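First up is the structure itself, then whatever we jot down about it.
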Amino acid sequence: MTIAILSALPQEQEGLVHALSDAKGTAHAGRMFWRGRLHGHDVVCALSGIGKVAAATTATALIERFGARRIAFTGVAGGLGEGVRVGDVVVADEYLQHDLDASPIFPRWEMPGYGRTRLPCDPEMTAALLAAAQACVAEAGEDLRAAHATTAPRAHQGLIASGDQFVGTAGASSALAQGLRAAGHEVLAVEMEGAAVAQACLDYGVPFAAMRTVSDRADDSAHVDFAEFVRVVASRYALRVVDGFLRR
Ligand code: ADE
């Protein structure tokens, strides 16, 4: 059974592709797909691209063309939830699309044709990712001190919101969090791809899970924190969590 590892950033993918044995690259749909073996699994690695459409296209290609029967996503996200800090890891148990609005025809955030707002993640894969993330944060002290984190990192599990928008002001992030909270959606983190992959996986019946390392607080300094975090931490973090995930 082929497991796809979808990364948001080249820095995250690099170490993974390096770790594959018998790695073979194929160009398809303007992207590179890397097949190989890792910890006894057939694995295919790809970059999601940025934004929901790019991510959905990549997920579809992984399933249709490369035979992926599980998809695990690693990336970074802006922390929205209280107590979700830079350096923490958020493992999704559900996703929603925060920029989806077909009201008044459908309720705000509901996916037309699906009769639902939230997209599920696979419980078994999610549990394995969470366990790998917990082990990773426990030993991540060095990297995080380098990224100026002041508190011990934590792993969280919960709802992540995706949209085609980098949330980079305190006003935008609190409006987003409060709007969703008022409708009963307590969002831990925001990013730009996961819900699209979750939707493609739901359509194909392919189990999906995702973990996001918190690179910024989606506030006025988000762009600075993001760049520094990606440079110092994200690559090593993603490799460790995927490693732990595949061993489980
Ligand atoms: N990915 C990482 N940080 C983000 C942010 N602030 N908004 C959207 N996607 C992100």
Side-chain angles (χ1 to χ4, degrees), residues 5-14 46-56 58-59 72-92 94-101 109 119 121 129 133 136-137 140 143-144 147-149 153-156 158-181 185-199 209-239 241:
I5 308 293
L6 202 42
S7 312
L9 303 163
Q11 293 91 333
E12 291 178 312
Q13 195 198 33
E14 212 174 67
L47 289 177
S48 64
I50 296 174
K52 293 188 298 175
V53 174
T58 311
F73 198 120
T74 76
V76 294
L80 278 195
E82 230 172 273
V84 178
R85 299 194 175 89
V86 171
D88 288 359
V89 173
V90 178
V91 175
E94 288 180 299
Y95 263 101
L96 62 73
Q97 299 176 44
H98 69 74
D99 57 353
L100 180 55
D101 186 0
W109 298 298
L119 290 150
C121 295
L129 259 189
C136 180
V137 293
D143 294 346
L144 291 164
H148 316 303
R154 294 172 56 202
H156 309 263
L159 177 64
I160 299 184
S162 307
D164 287 316
Q165 182 187 19
F166 185 85
V167 181
T169 67
S173 78
S174 62
L176 188 62
Q178 279 168 24
L180 285 161
R181 184 176 301 128
H185 306 296
E186 198 61 52
V187 174
L188 295 185
V190 63
E191 38 87 316
M192 302 178 67
E193 298 84 19
V197 179
Q199 185 173 346
M211 83 93 183
R212 293 277 181 163
T213 310
V214 177
S215 56
D216 56 81
R217 277 289 303 174
D219 57 13
D220 300 301
S221 64
H223 60 292
V224 181
D225 298 344
F226 177 85
E228 169 76 351
F229 193 86
V230 167
R231 193 179 65 74
V232 179
V233 184
S235 50
R236 281 173 269 178
Y237 235 118
L239 184 58
V241 174

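Quantities reported herein were computed from a predicted structural model and do not represent experimental measurements. When a ligand or atom number is given, it counts from 1 through the structure's own listing order.
The contact shell of ligand 1, taken as protein residues with any non-hydrogen atom closer than 4.0 angstrom, comprises Val76, Ala77, Gly78, Gln165, Phe166, Val167, Val190, Glu191, Met192, Ser215, Asp216, Ala218, Phe226.
For Arg217 (side chain) and Val84 (main-chain N/O), a donor-acceptor pair under 3.5 Å exists by modelled atom type. At distances below 3.5 Å, at least one donor-acceptor pair connects side-chain atoms of Asp88 with backbone N or O atoms of Arg154.
Residues meeting the side-chain contact (heavy atoms from CB on, under 4.5 Å) test with Ser215, sequence neighbours left out: Val76, Phe226, Phe229.
Summarising the geometry, atom CG belonging to Leu119 is positioned 10.0 Å from atom CG belonging to Leu159; distances are rounded to the nearest 0.5 Å. Here Gln165 contributes atom CD and Lys52 contributes atom NZ; the two are 10.5 Å apart, rounded to the nearest 0.5 Å.
Residues Gln97 and Gln199 have side chains in contact (heavy-atom distance under 4.5 Å, counting atoms from C-beta outward).
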